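To keep things clear, I will list the structure first and then write my remarks on it.
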Amino acid sequence: MELLERISEELQNGNYIDVPKLTREALAQGIAPAVILSDALVAGMDVVGEKFRRDELFMPEVLIAAKAMQSAMEVLRPKLIETGVRTAGMIVLGTVKGDLHDIGKNLVGMLCEGTGYQVIDLGVDVAPERFVEAVRTHKPDIVGLSALLTTTMPRMREVIESLVEAGLRGSVKVMVGGAPVTEKFAQDIGADGYSPDATSAVEKVRVLTKY
Ligand code: B1M
């Protein structure tokens, strides 16, 4: 669809003024929020990531594309959430310590909210003790950990160990994700669930909470 391609292109150009406007236009045309998300925004960000990997784009361009994506996500968020009918459970979500990537985590959070879960987002660079504190305070069904760097993946194991030390591990399921994370890694660190993308993350959350 032409409009979705345009959104994707403008996102790649880092046009954070037009991307949310075009996103509103797509919604007004009746295009489903989930389609705008996957076929325009995530598709555009995938291209940015690939060009960054090939050194065809540099950090400032990636940052500005991320800003464009986030402005569009502000427009989509209420629409995605509208589809949620009831509270299915609670999730504490965060990007682990040392890691500032939050686009994927935010998507997972939004889709979970859209499915009816209450999401408490601790943000980025979250230390194990903050996850523990949040589990103690909010008593969520799931604590979700995101990591985008191979160097920050080990922080996930530390969160699980901290939950064990605090005597809270039995009361909460731990779910992990992020581009470098694998099913095997999740099993190795003793997580309860892993998923490669936001859509399957919601499915996994539903399995873990039996919803
Ligand atoms: Co960074 N970065 N980055 N970056 N960045 C990557 C991750 C990288 C792969 C790029 C590359 O080299 N090709 C590379 C990591 C290499 C590695 O570790 N092996 C990298 C690097 C090296 C870095 C820096 C170290 C660069 C530097 O400074 N030299 C630096 C680190 C900063 C830090 O965190 N301490 C850095 C910085 C940044 C920016 C700040 C510029 C920006 C982040 C902006 C932001 O998030 N607000 C950025 C970006 C945008 C990227 C890429 C290009 C895109 C990431 C993204 O948002 N993807 C990325 C390359 C890439 O991934 N192609 C890259 C879109 C998003 C929808 O996907 O986050 O994978 P993703 O999330 C998916 C799934 O992974 C999954 O669902 C999501 C939706 O489908 N998922 C979960 C995520 N969390 C989940 C949790 C779950 C379940 C599923 O359960 C709880």
Side-chain angles (χ1 to χ4, degrees), residues 8 11-12 14 16 34 36-74 76 80 89-115 117 119-127 131 134-135 140-156 159-160 172-183 185-186 189 191-209:
S8 169
L11 183 139
Q12 292 165 49
Y16 58 86
I36 302 172
L37 183 63
S38 61
D39 295 6
L41 302 175
V42 173
M45 208 60 204
D46 279 348
V47 177
V48 170
E50 187 48 34
K51 287 188 174 170
F52 184 52
R53 198 181 58 76
R54 294 199 305 252
D55 289 336
E56 289 169 21
L57 282 183
F58 299 99
M59 196 60 71
E61 291 151 315
V62 175
L63 266 177
I64 203 155
K67 184 172 174 179
M69 173 130 188
Q70 273 159 355
S71 351
M73 275 158 60
E74 290 306 311
L76 277 190
L80 287 166
M90 192 200 285
I91 303 165
V92 160
L93 196 59
T95 303
V96 296
K97 190 165 174 55
D99 201 321
L100 303 176
H101 295 86
D102 65 357
I103 295 174
K105 166 190 70 68
N106 293 346
L107 274 178
V108 171
M110 262 197 279
L111 293 195
C112 287
E113 280 182 329
T115 315
Y117 288 87
V119 175
I120 295 180
D121 190 341
L122 302 181
V124 297
D125 192 22
V126 182
F131 280 110
V135 169
D141 302 280
I142 293 181
V143 58
L145 313 175
S146 181
L148 262 286
L149 299 171
T150 45
T151 49
T152 57
M153 283 167 66
R155 303 289 90 74
M156 292 177 153
V159 174
I160 294 177
V172 70
K173 304 276 189 205
V174 178
M175 186 165 148
V176 295
V181 179
T182 61
E183 180 81 59
F185 175 79
I189 65 169
D192 301 294
Y194 155 79
S195 69
D197 55 58
T199 314
S200 62
V202 175
E203 285 158 16
K204 180 61 77 177
V205 161
R206 294 181 72 161
V207 170
L208 289 175
T209 57

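Since this is a predicted model, take the numbers as computed values, not measurements. Start at 1 and go down the list; that is how both ligands and their atoms are numbered.
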Can you find a protein heavy atom under 4.0 Å from atom 52 (C) of ligand 1?
-> no

Backbone or side-chain N or O of D102 under 3.5 Å from ligand 1 N or O = yes

If you count the atoms of ligand 1 from 1 in the order shown, which ones are under 4.0 Å from a heavy atom of D99?
-> 34 (O)

What's the shortest heavy-atom distance between V96 and A147, and which atoms?
-> CG2-CB, 3.8 Å

Which residue and heavy atom of the protein sit nearest atom 62 (O) of ligand 1, plus the separation | L148 CD1, 4.3 Å

Of all protein heavy atoms, the one nearest atom 50 (C) of ligand 1 is V62 CG1, 3.4 Å

Heavy-atom contacts with L149 under 4.0 Å: which atoms of ligand 1 show up? List them by number with element.
-> 15 (C), 18 (O), 20 (C), 21 (C), 23 (C), 31 (C), 33 (C), 34 (O)

Are any of the N/O atoms in E50 less than 3.5 Å from those in ligand 1?
-> no

Closer than 4.0 angstrom: is that true for some heavy atom of G98 and an atom of ligand 1?
-> yes

For K51 and E61, run side chain to side chain contact (heavy atoms under 4.5 Å, CB included): C-alpha distance rounded to whole Å, both residues' side-chain angles, the deciding distance at 0.1 Å, then the answer.
-> CA-CA 10 Å; K51 287 188 174 170; E61 291 151 315; over 6 Å; no

Are the side chain of D125 and the backbone N or O of K97 linked by a donor-acceptor pair below 3.5 Å?
-> no

When you look at OH of Y16, are more than 12 heavy atoms from neighbouring residues, nucleotides or ligands closer to it than 6.0 Å?
-> no

Side-chain touch S146/L93, heavy atoms, less than 4.5 angstrom | no

Looking at atom 65 (C) of ligand 1, what's its closest protein heavy atom, distance included?
-> M45 CG, 3.8 Å

Atoms of ligand 1 under 4.0 Å from any heavy atom of S195, numbered from 1 in the order shown, are 88 (C), 89 (C)

Please answer whether the main-chain N or O of M175 pairs with a side-chain N or O of D192 as donor and acceptor at a distance below 3.5 Å.
-> no

Nearest neighbour in protein (non-hydrogen) for atom 11 (C) of ligand 1 = F52 CD2, 4.0 Å

Mark yes or no for whether D99, through its side chain, and L149, through its backbone, hold a donor-acceptor pair below 3.5 Å.
-> yes

Proximity flag V48 to ligand 1, non-hydrogen atoms under 4.0 Å | no

Could you grab the distance from atom CG of L57 to atom CD1 of I64, nearest 0.5 Å is fine?
-> 12.0 Å

If you have a sec, work out which protein heavy atom is nearest atom 63 (N) of ligand 1 and how many Å separate them, to one decimal?
-> G49 CA, 3.6 Å

Which of the ligand 1 atoms, numbered from 1, are nearer than 4.0 Å to a heavy atom of A179 | 70 (O), 75 (O)

For G178, counting its heavy atoms only, list the atoms of ligand 1 lying under 4.0 Å from any of them.
-> 75 (O), 81 (N), 82 (C), 83 (C), 84 (N), 85 (C)

Residue that, paired with V159, satisfies side chain to side chain contact (heavy atoms under 4.5 Å, CB included) out of V126, L145, V135, V176 = L145

Is atom 78 (C) of ligand 1 less than 4.0 angstrom from some protein heavy atom?
-> yes

Answer yes or no for atom 9 (C) of ligand 1: protein heavy atom present at a distance under 4.0 Å?
-> no

Do V202 and R206 have side-chain heavy atoms sitting under 4.5 Å apart?
-> yes

Check L100 against ligand 1 and report side chain, backbone, both or neither, counting heavy atoms closer than 4.0 Å.
-> both

For side chain to side chain contact (heavy atoms under 4.5 Å, CB included), just list the numbers for Q70 and D102, CA-CA rounded to whole Å, side-chain angles, deciding distance to a tenth of an Å, and then say yes or no.
-> CA-CA 10 Å; Q70 273 159 355; D102 65 357; 3.0 Å; yes

Nearest candidate to atom 18 (O) of ligand 1, where distance is taken over non-hydrogen atoms, out of D55, V174, T150 = T150

Return the residue, atom name and 0.1 Å-rounded distance of the protein heavy atom closest to atom 40 (C) of ligand 1.
-> L63 CD2, 3.8 Å

What's the verdict on side chain to side chain contact (heavy atoms under 4.5 Å, CB included) for L41 and L76, showing C-alpha distance, side-chain angles and the deciding distance?
-> CA-CA 11 Å; L41 302 175; L76 277 190; 3.7 Å; yes

Could you name the option among G193, P60, G177, P196 that has the heavy atom nearest to atom 76 (C) of ligand 1?
-> P196

G144 N/O under 3.5 Å from ligand 1 N/O | no

Of the listed options (H101, R54, M153), which comes nearest to atom 38 (C) of ligand 1 when hydrogens are ignored and any heavy atom counts?
-> H101

Within the side chain of E50, is there an N or O that forms a donor-acceptor pair under 3.5 Å with the backbone of V47?
-> no

Numbering as shown, the atoms of ligand 1 that approach L145 to under 4.0 Å (heavy-atom distance) = 86 (C), 91 (C)

Considering the heavy atoms of Q70, write down every atom of ligand 1 situated less than 4.0 Å from one of them.
-> 47 (N)

Does D197 reach ligand 1 with a nitrogen or oxygen that is under 3.5 Å from one of the ligand's nitrogen or oxygen atoms?
-> no

Decide yes or no for V181 and M156: does some side-chain heavy atom of the first lie under 4.5 Å from some side-chain heavy atom of the second?
-> yes

Rounded to the nearest 0.5 Å, what's the gap from CD1 on I189 to OH on Y194? Could you check?
-> 12.0 Å

Looking only at protein heavy atoms, identify the closest one to atom 29 (N) of ligand 1 and say how far it is in Å.
-> M59 CE, 4.3 Å

Any side-chain heavy atom of T209 within less than 4.5 Å of one from Y117?
-> yes

Test item: T95 and L100 side chains (from C-beta on) under 4.5 Å apart, heavy atoms = no

Of S146, G104, A186, S200, which has the heavy atom at the shortest distance from atom 68 (O) of ligand 1?
-> G104

Shortest protein contact, atom 44 (C) of ligand 1 (heavy atom only) | A66 CB, 4.0 Å

Just do the side chain to side chain contact (heavy atoms under 4.5 Å, CB included) check on K105 and D121 with the steps written out, would you?
-> CA-CA 9 Å; K105 166 190 70 68; D121 190 341; 2.8 Å; yes

Within a distance of under 4.0 Å, is there any protein heavy atom near atom 59 (C) of ligand 1?
-> no

Under 4.0 Å to a heavy atom of V176 - the qualifying atoms of ligand 1, by number = 87 (C), 90 (O)

